[in-house]
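One-based numbering along the sequence shown. Side-chain atoms are counted along with the backbone in the values below, which use heavy atoms only and exclude waters and symmetry mates.
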Amino acid sequence: QVQLVESGGGLVQAGGSLRLSCAASGTIFSFNRLGWYRQAPGKQRELVAIITSSDSTNYADSVKGRFAISRVNAKMVYLQMNSLKPEDTAVYYCYAYAGVYGTGYWGQGTLVTVSS
């Protein structure tokens with residue numbers, strides 16, 4: 001059993017910053033890939049950023065240079081969001097993949113609203 005809990009969402013003006021956090025708990029103690037996805041109303045859920053156990057990172061083109069993903073360990077991941085734009089408004093979901101088990105887990109999401 002695994003639970004992912006996100007925090008840090010809220011309302012911010014364009015140009016502002018937010019830091020999202022995700023903590024995993026449960027019977028799986030290590031994940032080989034952690035990441036953030038987002039979904040705006042009426043749009044497909046999209047990958048924002050991922051980080052692997054080897055610390056490789058990947059970002060969506062739309063957030064490169066503005067967002068940064070980091071992790072403390074295999075169960076704690078952060079997303080620093082700078083220079084936020086209204087188009088960043090979405091529900092942000094934490095995702096963790098346990099490769100040994102071939103199983104992925106999702107958080108319940110945290111809403112980020114960027115006003116113009």
Side-chain angles (χ1 to χ4, degrees):
Q1 296 181 333
V2 170
Q3 183 178 26
L4 304 179
V5 180
E6 305 101 330
S7 63
L11 175 64
V12 65
Q13 286 189 312
S17 298
L18 285 174
R19 177 178 156 106
L20 305 184
S21 301
C22 177
S25 62
T27 57
I28 298 177
F29 298 98
S30 182
F31 300 92
N32 68 322
R33 186 160 62 251
L34 297 166
W36 293 93
Y37 291 72
R38 67 185 182 187
Q39 187 168 24
K43 295 185 178 181
Q44 190 81 0
R45 185 175 298 185
E46 64 175 349
L47 175 68
V48 177
I50 57 171
I51 186 166
T52 70
S53 58
S54 62
D55 290 324
S56 295
T57 59
N58 183 259
Y59 297 91
D61 289 340
S62 60
V63 306
K64 287 181 179 178
R66 299 188 298 119
F67 291 10
I69 188 170
S70 62
R71 65 180 181 89
V72 175
N73 49 43
K75 299 181 69 177
M76 297 285 292
V77 63
Y78 303 93
L79 183 69
Q80 179 67 44
M81 305 186 294
N82 299 320
S83 301
L84 284 162
K85 303 175 180 179
E87 52 262 43
D88 294 319
T89 296
V91 176
Y92 285 71
Y93 297 91
C94 182
Y95 177 77
Y97 183 72
V100 172
Y101 301 93
T103 305
Y105 300 91
W106 293 93
Q108 293 191 179
T110 184
L111 177 63
V112 173
T113 302
V114 184
S115 63
S116 60

Reported OG1-to-CG distance for the pair Thr110 and Leu18, which is rounded to 0.5 angstrom: 9.0 Å

List the atom of Ser17, the atom of Ser83, and the distance in Å for their closest heavy-atom pair. OG-N, 4.3 Å

Shortest non-hydrogen contact from Ser30 toward Ala74: OG-CB, 3.7 Å

What pair of heavy atoms forms the shortest contact from Ala96 to Leu4, and how long is it? N-CD1, 3.8 Å

Show the numbers, then the answer: is there a side-chain contact (heavy atoms from CB on, under 4.5 Å) between Asp55 and Arg71? CA-CA 8 Å; Asp55 290 324; Arg71 65 180 181 89; 3.0 Å; yes

Counting N and O atoms only, with roles assigned by atom type, does the side chain of Thr57 sit under 3.5 Å from a partner on the main chain of Ile51, one being a donor and the other an acceptor? no

Between atom CG of Leu34 and atom CG of Asn73, what is the distance when rounded to the nearest 0.5 Å? 8.5 Å

As a quick check of understanding, evaluate side-chain contact (heavy atoms from CB on, under 4.5 Å) for Phe67 and Trp36, giving each step before the final call. CA-CA 11 Å; Phe67 291 10; Trp36 293 93; over 6 Å; no

Quick one: SG on Cys94 to CE on Met76, what's the gap to the nearest 0.5 Å? 10.0 Å

Strictly by salt bridge (charged side-chain N to carboxylate O under 4.0 Å, His left out), give each pair with a member in residues 86-105 just once, sequence neighbours left out. Arg38-Asp88, Arg66-Asp88

Criterion side-chain contact (heavy atoms from CB on, under 4.5 Å) on Tyr97 and Ile50, from CA distance to verdict: CA-CA 11 Å; Tyr97 183 72; Ile50 57 171; over 6 Å; no

Starting from Tyr78, can I reach Ile69 by hopping between I/L/V/M/F/W/Y residues whose side chains sit under 4.5 Å apart? no

Please answer: with hydrophobic residues joined when any side-chain heavy atoms are less than 4.5 Å apart, are Ile28 and Val100 in the same cluster? yes

With the 4.5 Å side-chain cut-off for hydrophobic clustering, are Tyr59 and Leu84 part of the same group? yes

At their closest point, which heavy atom of Phe31 faces which heavy atom of Ala24, and how far apart are they? CE1-CB, 3.8 Å

Should Val91 and Val77 be counted in the same cluster of Ile, Leu, Val, Met, Phe, Trp and Tyr side chains packed under 4.5 Å apart? no

Hydrophobic cluster membership, with links at side-chain heavy-atom distances under 4.5 Å among I/L/V/M/F/W/Y: are Leu79 and Tyr93 in one? no

Can Asn58 and Leu47 be said to form a side-chain contact (heavy atoms from CB on, under 4.5 Å), step by step? CA-CA 9 Å; Asn58 183 259; Leu47 175 68; 4.1 Å; yes

About how many Å separate NZ of Lys85 and OG of Ser116, when rounded to the nearest 0.5 Å? 14.0 Å

Tell me, yes or no, whether the heavy-atom count around Gln108 atom CD, taken from other residues, nucleotides or ligands under 6.0 Å, exceeds 12. no

Run the ring pair (Phe, Tyr, Trp, His ring centres under 6.0 Å) test against Tyr95 and tell me which residues pass, sequence neighbours left out. Tyr37, Trp106

Show me the pairs that pass salt bridge (charged side-chain N to carboxylate O under 4.0 Å, His left out) and involve residues 3-20, at least two apart or across chains. none

Is there a side-chain contact between Leu20 and Val112, using heavy atoms and a 4.5 Å cut-off? yes

Work out which heavy atom in Val48 is nearest to a heavy atom in Val63; give both atom names and the distance. O-CG2, 3.7 Å

Lys43 versus Gln39, closest heavy-atom pair with distance: O-NE2, 3.2 Å

If you measure from CG on Leu11 to CG on Leu111, what distance do you get to the nearest 0.5 Å? 9.0 Å

